[in-house]
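The next block holds one structure in the form of structure tokens; read it before the comments.
Read the numbers this way: they start at 1 and go in the same order the structure lists the ligands and their atoms.
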Amino acid sequence: MTCDNNVYLIKYIILALKYCIPLIIVTLGLINLLSRKNKKRALKKLLLCLVISLVITILTIIAEIILKNQDQCIKCTMENACKKQTLEQMSEKTSEQIEDQPEESQPKIETIDGVTYVDGLLIVNKTYSLPEDYMPVGAEGYQRCNECITEETKEAFSAMQADAWSLGLNLYISSGYRSYTYQDGLYNRYVEKDGKEAADKYSARAGYSEHQTGLAFDLNTIDDSFAETAEGKWIKDNCYRYGLILRYPKGKEAQTGYQYESWHLRYVGKELAEKLYNNGNWITLEEYYNLSSEYAE
Ligand SMILES: [Zn+2]
């Protein structure tokens, strides 16, 4: 069932009949009373206006009740509950149809002050960059700062760290926020060492690093050996519980533009993290939102 424009028209007619028209009639009666010399006659007219207004209002209320009971659609429009009803209808669909939806509906990509948001989620990869002056709250003046990650990222990490600790695992952030300038220096050093092509596979160019967002961090030892540690193995299958994702999973280099990084996590919130975890077969943000990750040059 859809609530089309006719329903809104009916709603406005009802509003007009219920409030506006009676108010106009009474106002006219009052003006008449104030302007006429024969007050007695004018008062009679005013009373008549009041009675007419009251009748119109009562009749409209009765019509409204009848319409509400007859048509669910009109009811939901009047009570602004259309959204809820749509959700209820959605839940009636089979789970198969719901699973198909992400592929069918295109995500909403918007750029605000040079920052790209896909369905409201901040995205940084080789296609979508950040402005030079972008930084998380509290990172002013820092080139790099492990505590300058966003509040929700910090909370997610702390909860994860505490749970890991109770299992005898030691997690710590070895790289959190990195400024545009710091990333520029880092990337250029890698280019000097390994060449541009190789550096692009494991290091982001300035403005293209998730570390500038304050939503990402690297854990423990920043190299492939982390995946083989007890901490690395636990992270792979548990970070999603805290709203964190393995941003560059194994075998997804073509999508993310980066080689597997077992140590790099990104905060996205629990709901999306669980979807991306995909029962152990990590899917990427690029895959989920159908995004590219390629430098323009
Ligand atoms: Zn990283």
Worksheet item: Any N/O/S of Glu210 under 2.8 Å from the Zn ion (ligand 1)?
Response: no

Practice prompt. Calculate the angle formed at the Zn ion (ligand 1) by ND1 in His264 and NE2 in His211; 10° precision is enough.
Written response: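 Roughly 100°, rounded to 10°.
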
Worksheet item: Quick one: do Glu192 and Arg189 make a salt bridge, cutoff under 4.0 Å?
Response: no

Worksheet entry | Geometric class of the Tyr208/Tyr295 ring pair [parallel <30°, tilted 30-60°, perpendicular >60°] |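 Aromatic pair Tyr295/Tyr208 classed perpendicular.
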
Discussion item. For a ring pair (Phe, Tyr, Trp, His ring centres under 6.0 Å) check, start with the C-alpha distance between Tyr177 and Tyr142, then their side-chain angles and the critical distance, and finish with the verdict.
Written reply: CA-CA 9 Å; Tyr177 164 74; Tyr142 287 97; 7.7 Å; no

Worksheet entry | Lys201 NZ/CZ over Tyr190 ring centroid, <6.0 Å and within 45° of normal |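 No; the conditions do not both hold, so Lys201 does not lie above the ring face of Tyr190.
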
Discussion item. Quick check: of its N, O or S atoms, which one does Asp218 have closest to the Zn ion (ligand 1)?
Written reply: OD1

